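To start, the structure under review is shown below, and the notes come after it.
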Amino acid sequence: MPRVLFICSRNRLRSPTAEQVFASWPGVESDSAGLSPDAEQVLSLEQVQWAELIFVMEAVHGRRLKQRFAAALKGKRVICLDIPDNYDFMQLELVRLLEQKVGALLR
């Protein structure tokens, strides 16, 4: 069962949408977090260690992730989805975009 972690800035719109969408997929465990100090769920070392596959919404998130957790990322696959912060929580266009970009990698 793949353990996937979704990361954005504040864990309010994109990453929690992704977590919720893929939580219902059979055989997938999902979690989400944000990199900003004021995120709803601030990314922890334990989350990085738990994840087998990490999706970041923007390239800047990937850079920040590597700066903070370089040692814990050894052997982990980090994928940038290139999804800008232009969507609301569970917005249909965001859900479709996530299913298109992430779904193919989880099948």
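Quick caveat: nothing in here was measured; it's all calculated off a predicted structure. FYI, side chains are in, hydrogens and waters are out, and symmetry mates aren't considered; it's all heavy atoms of this structure.
Between the side chain of Gln47 and the main chain of Ser44, a donor-acceptor pair closer than 3.5 Å is present. For Lys76 (side chain) and Ala51 (main-chain N/O), a donor-acceptor pair under 3.5 Å exists by modelled atom type. Under a 3.5 Å cut-off, the side chain of Ser36 and the backbone N or O of Ala39 do not form any donor-acceptor pair.
Summarising the geometry, atom CG belonging to Leu94 is positioned 11.5 Å from atom CZ belonging to Arg96; distances are rounded to the nearest 0.5 Å. Between atom CZ of residue Phe22 and atom CD of residue Glu99 there is a gap of 6.0 Å, rounded to the nearest 0.5 Å. Here CG of Leu13 is found 8.5 Å from CZ of Phe89. Values are rounded to the nearest 0.5 Å. We find the SG-CZ distance between Cys80 and Arg63 to be 9.0 Å, quoted to the nearest 0.5 Å.
Residues Leu65 and Met57 do not share a hydrophobic cluster, clusters being chains of Ile/Leu/Val/Met/Phe/Trp/Tyr side chains in contact below 4.5 Å.
Using a 4.0 Å cut-off between a side-chain N of Lys or Arg and a carboxylate O of Asp or Glu, Glu40 and Arg12 qualify as a salt bridge. A salt bridge is defined here as a Lys NZ or Arg NE, NH1 or NH2 lying under 4.0 Å from an Asp or Glu carboxylate O, and Arg14 with Glu58 meets this definition.
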Report task. Could you walk me through whether Ile54 and Phe6 pass side chain to side chain contact (heavy atoms under 4.5 Å, CB included), step by step? Result -> CA-CA 6 Å; Ile54 300 172; Phe6 297 96; over 6 Å; no
Report task. Begin with the C-alpha distance, continue with both residues' side-chain angles, and end with the deciding distance and a verdict on side chain to side chain contact (heavy atoms under 4.5 Å, CB included) for Phe55 and Leu5. Result -> CA-CA 6 Å; Phe55 291 98; Leu5 177 62; over 6 Å; no
Query raised in the report: After noting the C-alpha distance and the side-chain angles of Gln41 and Asn11, does the key distance pass the side chain to side chain donor-acceptor pair (under 3.5 Å) rule?
Result: CA-CA 6 Å; Gln41 167 66 50; Asn11 191 230; over 6 Å; no
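Residues Leu106 and Val4 approach most closely at CD2-CG1, 3.7 Å, considering heavy atoms. When all heavy atoms are compared, the tightest approach of Ala33 to Ser15 is O-OG, 3.5 Å. When all heavy atoms of Ile7 and Leu43 are compared, the pair lying nearest together is CD1-CD2, 3.8 Å. Heavy atoms only, all atoms of each residue included: Arg64 and Ser9 are closest at NH1-OG, 4.3 Å. Summarising the geometry of Arg77 relative to Ile79, their closest heavy-atom pair is NE-CD1, 3.6 Å, with the distance given to 0.1 Å. Shortest non-hydrogen contact noted between Gln49 and Ala72 is CG-CB, 4.5 Å.
Atom CZ of Arg3 has more than 12 neighbouring heavy atoms from other residues, nucleotides or ligands inside a 6.0 Å radius.
Partners of Glu93 under the side chain to side chain donor-acceptor pair (under 3.5 Å) rule, at least two apart in sequence or in another chain, are Gln91.
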